[in-house]
Structures are given as structure tokens and as C-alpha cells.
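Excluded from the calculations below are hydrogen atoms, water molecules and symmetry mates; all remaining heavy atoms, backbone and side chain alike, are included. By convention in this document, chain letters (A, B, ...) are assigned in the order of the sequence lines, proteins followed by strands, and residues within each chain are numbered from 1.
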Amino acid sequence: MQNDITSKREVNRFVADFLTKNKRTHYCGDLRSSDAGREVILMGWAQRRRDHGGVIFVDLRDRSGIVQVVFNPDAGESVHGQAHKIRSEFVLAIKGTVRIRPEGMTNPDLKTGEIEVITSELEIMNESKTPPFSFDEEETNENIRLKYRYLDLRRPALQRNLFLRSKIAAATRNYFAENGFIEVETPFLTKSTPEGARDYLVPSRISQGSFYALPQSPQIFKQLLMVSGFDRYYQIVKCFRDEDLRADRQPEFTQIDVEMSFITEEDIMQMMEGLMAAIFKKCLGREIALPLPRLTYHDAISRYGKDNPDLRFGMELTDLTEIVKNSGFKLFQEVAASGGVIKAIKAEQAAILSRKDLDGLSDFVAVYGAKGLAWAKVNAADWTSPIYKFFQPAEVEQIAKALSAKEGDIIFFVADTPHVVNDSLGNLRLHLAKKLNLIDPEALAFTWITEFPLMEYSDSEKRFVSTHHPFTSPFLEDLPKLKSDPGKVRARAYDLVLNGSEIGGGSIRIHRKDVQAQVFAALGLSDEDARTKFGFLLDALEYGAPPHGGLAFGLDRLTMIMTHAESIRDVIAFPKTQKAACLLSDAPSPVSIEQLMELSLKIVT
RNA sequence: GGGGUCGUAGUUAAGUUGGUUAUAACGCCGGCCUGUCACGCCGGAGGGCGUGGGUUCAAGUCCCAUCGGCCCCGCCA
């Protein structure tokens, strides 16, 4: 041990020497029986050692997979002796000969199970501490996995995800290059914009008391590039939003950002459908039928309760307000009279749902503001239902007809404001589909959502706010409503939804200053406000801005769907926790008083 | 900001109505073993139960607070 440093140096020199003389010939997982007889040099990690006293087996792993390497005692004392020292995750280089495994010794669970490598030389290039968790399928607490993310990333599943993500990015770049797009980088240190999400701020040292913001998206810059005449732009770019996290939301995420000039919605959608087809073809070998289906925002909400409907299954929402508004059920009467709606969904042949399950579903919809969930089990002649007694036979019949309900189905009713009804039934629909196993995991259900409202009333801000962003063009024919009924103005915006996940969204932008001014006015932004916040864009619009529009895809979410990942963390190399912390690097963390002083900042809490 | 859930050896988990030295599997260490592939066999070490209070004769088990992971609402497109 006292010679530790010296011997480490020796080892390092030896390793360097080894690498100078020996180049890797193959990846472990690529070897096949056709390689039999070939001498190979492999480098990787010892996944497992099986020491039989005589013969020793080691599963050698690299990014391609694993192969069994064999150390025979008769291969020589030094190699065999070294092999005894191998432990989990030691870094090895071996020279050996591929051979077909002896009769009956093959392992059908391995791609390389037909063969093995008989080792003639072994180099232990580095040792390893015992890993803090096993890399097997066994689920380990995510806090430990994130702390040792570099080890977690040795798992084949995560490697597969990141390789696929890289393929998606490559297919994207190819597609845009083939279609005449230019990739332009836009600044990360930019100006805070008030609309939309909370900004991440970066203090300026040179202009004390002033701040940059990290971009929520390159929105304004890509529009400026259109004004400059680049005509077709794209960028694969990080975006930052300081909002709370979810299973599919990280504070920094990646967009495939696109903008085009002299186009309409149709041109953009067609171009983006081509992108989707190219990505799925190149990365998964799957054909996408084009053109993709479309649904208006209004239809999506009324039929599925959400603007990101999962179309892999049916169970649509049915409006029963007209049928039940005069029924004997007082609650339904009152809701209908006060402008609310009564809607229902039907779970087909859902007898596996127990009475306890049904009661539990009330708690489920309560999260979305529903004060109750009525249900009815449809029998041959009647219903088993707490509310059955309130209805006339004719009403029961009409409801059953509206829903095409058959014996064995269960109907769920929610009566409330349209927003609460759609929200709770839309989410209940998803919940039931998962519970009843209605979703084909291999299905790909795309849909465009069109005709979004340009703006929505915000109760918290007591004004209309942009649904998309304030540069979204309204439908020209709706312009007169901008003053009289702003909530009814439709936007030339479109989202692309895949399997119930919004994977992209965009719009045709306003390219004329007068229209932009009207929209700002409807949003309650004064000329002065607008000028302070977006002055440079407004200026640009006055210098011959072409008609333009675009959209952005969420690369993380797209990758999630394509890898069947349940969490966005499974498609990001170094993700953050729900508290937006990086357990690996321990960010965020306090900084020195000197750093704060240099920025003229003071911590006040 | 709110709701839910979890935190016990390196890891994954068990731990009855609070009651003597806190279990198991895997991993780890040592020994044996020439064909295994989650190798096998024998032996061994390892934690005081996220943290801090409190109740009690007695707390992993009860109470309060706090920290952290995950899911959700709000927020966010």
C-alpha cells in the first residue's frame, strides 16, 4: 500500500501503452457466431464474474451489450490470476478468440449467447468501488439513482433511450437540411418577457441591478430571423421555464423550433407531418399515414374534455343536458338552470369495477373540482344506481340511447360548469382507459388541434390573456370580435397531439403592426407597455415583415412516447428532481458573499 | 401555495394491538469448486430505523415539527 502512488502510475503508463498497441476491434454485443475463430480485442466493464475455482466467466459489457469472456486456468497463470481479482464494474481490456460455445452451453437470453471469447490477455484498466445499487431490473429509489446518475446511465434501458433521442435529433437535422432550412443559434442571455411562464433570471455584473432572462423559447428571435429573410429556420434548442415540475415537465427542456415565411397553416402542417413521418420511419421503422387527422379545439373539448385528447380509444363524452334538465333529479335541474352542463361517459362491460372502485372515482374527479360523480350500472331491465329512482323510464331510455349503453356497461355522470365537467370527465376517461386496459401501447394516434381561442379570461389577472402567445394571428374574419367578444376570437394556432400528449404547437404570427396593436389592446396592454416589453419586435414588424409562422416540438415528450418512458427523466441524461434540484451536482447551491457583492445582490430572506 | 404517498443494513423489502440482543433476500468479505450465465456450497461482517423534539417504565411502531424522493391540483403550453 505504501507504493500505491507509484504502482498507480505504473498501471496508468501500462494502460496507455496497452491502448497504443491495441485498438478495440469490436463492441461486445456485436459478436456473433459468424465471428468464430476471429481474434478480438474488447474493452468494457465487468458486469458479473462467475468464478468456478478453475474456469472463470466474466460478462463483459459495453454500450452495445454483453458477451461472455472465459478465463481458462491453462491459458497461463498470470491471466487467470488477474481474473480472480475482477470485481463488478472493473474496467477491462481483453484479447481473445471468439468461439462457438460447446454443445448445450448456449444462452438464448443473450444476443451473443451462441459464442464466447476465450481470453489470452487481460488488462485491468481500472478498478471500481462496489456500486451503491444494482443495475438489474430491480427498482432503486430515484434519489440514489440521480445522485449516481453516471452509474444509472450504465443501465441498458437508459442508454437505449438516449441513443434513440440522438437518432431523433439526427433525423430532424437531416429532414430540415433536405428541405432548405437553416439552423441558427439564438441567445440564452436575453430579455425577460412578461407573458407566459416565470423566467429564470441571470443577474448582470456589468449593469448592476439589471437581469437577463433565459429564454422560455426563441419565439421573438425566430420571428426576427423571418424579418431578416432567412425564410426557413429551425433549431434544436434548450428552453427554460421556472414553473413547477411534473412527470413530463422539466425546468429546462428541448424544443425542435421551426419558423417559415410566406406560408399558411397548411404549408406548415404538411411540412411537419413530413418531419414526423421521417422521424418515425428512421428511428422506429414505422410508417405514419398522412395527412394526420384534425380536430377543432371546440370538438376536442366537447368530445374528449381536453385539448390534448388521447385518440387511442373511444369513450367519448356525451352531453345529456337537454335530456335531464327537467328530470326529477334536482341537482341536474339546478345545474342546467344555472348555465351548467350534464355530461356522461360510458365504460363498456366494466363489471370488474367494484362498488368500492366506483366510490373511489368520486375522489378522483373531486381533484378537478367536481362535487360529485353519479354512476349507473346498466342491467337488462333497469339500472343499479343511486340516482335511478329520480328518472322516468323514458329518460332512462333516452340516456341509454344517447350513449348506446348496453347491459354490463357503466355510465358516469358529472354535472357542473362546462369547465369542471370537461376537465373531470376528460381525466376520468383517461383514468378508466388505463384501469380497464383499453389502450394499445403500440398505437400511434396523432391529431392536430386547430381553431384555438386567441385569448382566455384569466380570473387571477382579471383580464384576457393569450392562449398561445401575444403574436399569434387571429382569424381575419374574427377580427371585429376582438373588441366586442374577445373570448370568441379564433387563433390561427395549431397543436400536434400524439397519444394524449401535446408534442408540438405553433401558429401563424401577426406580421402587421396594426393588427398587433389591436391584439395588445384586447389583452389590456397599453402602447407604452407593449413598447417596453416587445418594442424591438414591434419595430421589426415595421420594416417589411413577411407573413410567417411556425411551431415548436417538445423533443423530450416526443422521445418519451417513442421510448415508452413514463417519466421525462428517463429521456434526459442529467435531469432535475421535482424541487428542480440536481442531486448529482447539488445545484442549486449558495454562492460566496464575494460573488453576490460583485453582482450587487443581497439575500433578504 | 395545497393534497397524496414513501423514507428501516450498500440495495430491495418485512417488522403483529408500542415490549427482551431489529428480520430476509440480493450485494459485500473470506474459503471451497474447471462450464456457469441471477453459478453452487460453507462461513462472516454490516443498520438502531431520514432528522429534531415530545408522550411513555418502554417507540421503527403513537404525536408534533422538519428535510428529501415520487405522483397530482394550482402554475406551466
Side-chain angles (χ1 to χ4, degrees), chain A residues 47-60 66-75 80 87-89 101-110 112-113 116 118 129-148 151 195-199 216-217 219 239-251 253 255 306-308 363-370 423-424 427 431 449 452 456 458-461 465-469 472 493-497 501-507 551-554 557 566-567 569 576-579 581 583:
Chain A
Q47 169 116 333
R48 215 181 289 279
R49 181 185 62 129
R50 291 178 294 280
D51 186 343
H52 288 251
V55 66
I56 297 171
F57 301 100
V58 170
D59 291 334
L60 190 67
I66 65 177
V67 68
Q68 171 165 284
V69 300
V70 185
F71 299 90
N72 279 316
D74 49 6
H80 194 252
R87 293 292 180 276
S88 282
E89 300 306 309
R101 291 193 187 192
E103 191 72 31
M105 307 291 177
T106 59
N107 183 348
D109 296 334
L110 286 183
T112 58
E116 60 191 4
I118 308 299
K129 290 169 79 171
T130 301
F133 52 85
S134 109
F135 303 153
D136 297 341
E137 291 305 304
E138 192 173 60
E139 281 294 312
T140 302
N141 268 338
E142 214 169 336
N143 51 348
I144 296 164
R145 292 176 48 197
L146 289 173
K147 181 176 174 189
Y148 297 95
L151 297 182
E195 300 282 310
R198 191 179 294 112
D199 286 320
Q216 297 174 24
S217 80
Q219 182 60 39
C239 301
F240 307 85
R241 291 178 191 166
D242 188 4
E243 297 292 348
D244 288 339
L245 288 77
R246 287 287 187 280
D248 63 352
R249 251 159 54 190
Q250 284 271 304
F253 59 98
Q255 284 189 346
K306 298 168 93 62
D307 64 1
N308 55 345
D363 298 333
F364 179 85
V365 294
V367 168
Y368 304 96
D423 207 18
S424 49
N427 284 296
H431 182 73
I449 306 295
F452 279 81
E456 296 162 312
S458 160
D459 289 323
S460 60
E461 297 193 43
V465 296
S466 296
T467 306
H468 194 59
H469 57 60
T472 300
Y494 32 80
D495 278 2
L496 185 59
V497 172
S501 188
E502 182 214 318
I503 59 167
S507 63
L551 92 176
F553 289 102
R557 284 186 188 173
E566 286 185 9
S567 163
R569 296 181 299 282
K576 294 189 170 49
T577 69
Q578 193 158 52
K579 283 205 154 59
L583 298 183

[N] versus [M] - spacing of their [atom1] atoms, nearest Å:
N	M	atom1	result
B/C73	B/U61	C1'	32 Å
B/G47	B/G4	C1'	29 Å
B/C63	B/C75	C1'	34 Å
B/C67	B/A58	C1'	28 Å
B/C41	B/G15	C1'	30 Å
B/G74	B/G3	P	15 Å
B/C29	B/G69	P	32 Å
B/U8	B/G48	P	12 Å

Listing time: all N or O pairs from protein to nucleotides 66-69 of chain B that are below 3.5 Å?
{"unit_1": "B/G69", "atom_1": "OP1", "unit_2": "A/T577", "atom_2": "OG1", "d": "2.8"}

Counting heavy atoms not belonging to A/F364, are there more than 12 under 6.0 Å from its CZ? yes

What do the steps show when you test A/Q216 against A/R198 for side-chain contact (heavy atoms from CB on, under 4.5 Å), and what is the final call? CA-CA 8 Å; A/Q216 297 174 24; A/R198 191 179 294 112; over 6 Å; no

I need the CG-P distance between A/D199 and B/C76, as an integer number of Å. 12 Å

Is A/D51 reaching over with its side chain to a backbone N or O of A/G53, donor-acceptor style, under 3.5 angstrom? yes

Within the structure shown, what part of the strands sits under 4.0 Å from A/R87 by heavy-atom distance: base, sugar-phosphate, or nothing? sugar-phosphate

For nucleotides 33-40 of chain B, print each protein N/O atom paired with a nucleotide N/O atom at under 3.5 Å, atom names and distance only.
{"unit_1": "B/C33", "atom_1": "N3", "unit_2": "A/D51", "atom_2": "O", "d": "3.1"}
{"unit_1": "B/C33", "atom_1": "N3", "unit_2": "A/G53", "atom_2": "N", "d": "3.4"}
{"unit_1": "B/C33", "atom_1": "N4", "unit_2": "A/D51", "atom_2": "O", "d": "3.4"}
{"unit_1": "B/C33", "atom_1": "N4", "unit_2": "A/G53", "atom_2": "N", "d": "3.4"}
{"unit_1": "B/U34", "atom_1": "O4'", "unit_2": "A/V55", "atom_2": "N", "d": "3.4"}
{"unit_1": "B/G35", "atom_1": "O6", "unit_2": "A/R99", "atom_2": "NH2", "d": "3.0"}
{"unit_1": "B/G35", "atom_1": "N1", "unit_2": "A/R99", "atom_2": "NH2", "d": "3.3"}
{"unit_1": "B/G35", "atom_1": "N1", "unit_2": "A/E116", "atom_2": "OE2", "d": "3.0"}
{"unit_1": "B/G35", "atom_1": "N2", "unit_2": "A/E116", "atom_2": "OE1", "d": "2.5"}
{"unit_1": "B/G35", "atom_1": "N2", "unit_2": "A/E116", "atom_2": "OE2", "d": "3.0"}
{"unit_1": "B/U36", "atom_1": "O4'", "unit_2": "A/H52", "atom_2": "NE2", "d": "3.2"}
{"unit_1": "B/U36", "atom_1": "O2", "unit_2": "A/R50", "atom_2": "NE", "d": "2.6"}
{"unit_1": "B/U36", "atom_1": "O2", "unit_2": "A/R50", "atom_2": "NH2", "d": "3.4"}
{"unit_1": "B/U36", "atom_1": "O2", "unit_2": "A/Q68", "atom_2": "OE1", "d": "3.3"}
{"unit_1": "B/U36", "atom_1": "N3", "unit_2": "A/Q68", "atom_2": "OE1", "d": "2.8"}
{"unit_1": "B/U36", "atom_1": "N3", "unit_2": "A/Q68", "atom_2": "NE2", "d": "3.0"}
{"unit_1": "B/U36", "atom_1": "O4", "unit_2": "A/Q68", "atom_2": "NE2", "d": "2.7"}
{"unit_1": "B/U36", "atom_1": "O4", "unit_2": "A/R101", "atom_2": "NH1", "d": "3.4"}
{"unit_1": "B/C37", "atom_1": "O4'", "unit_2": "A/R50", "atom_2": "NE", "d": "3.0"}
{"unit_1": "B/C37", "atom_1": "O2'", "unit_2": "A/R50", "atom_2": "NH1", "d": "3.4"}
{"unit_1": "B/C37", "atom_1": "O2", "unit_2": "A/Q68", "atom_2": "OE1", "d": "3.3"}
{"unit_1": "B/C37", "atom_1": "O2", "unit_2": "A/N107", "atom_2": "ND2", "d": "3.2"}
{"unit_1": "B/C37", "atom_1": "N3", "unit_2": "A/R101", "atom_2": "NH1", "d": "2.6"}
{"unit_1": "B/C37", "atom_1": "N4", "unit_2": "A/R101", "atom_2": "NH1", "d": "3.1"}
{"unit_1": "B/C37", "atom_1": "N4", "unit_2": "A/M105", "atom_2": "O", "d": "2.3"}
{"unit_1": "B/C39", "atom_1": "OP2", "unit_2": "A/R48", "atom_2": "NE", "d": "3.2"}
{"unit_1": "B/C39", "atom_1": "OP2", "unit_2": "A/R50", "atom_2": "NH1", "d": "3.2"}
{"unit_1": "B/C39", "atom_1": "N4", "unit_2": "A/D51", "atom_2": "O", "d": "2.4"}

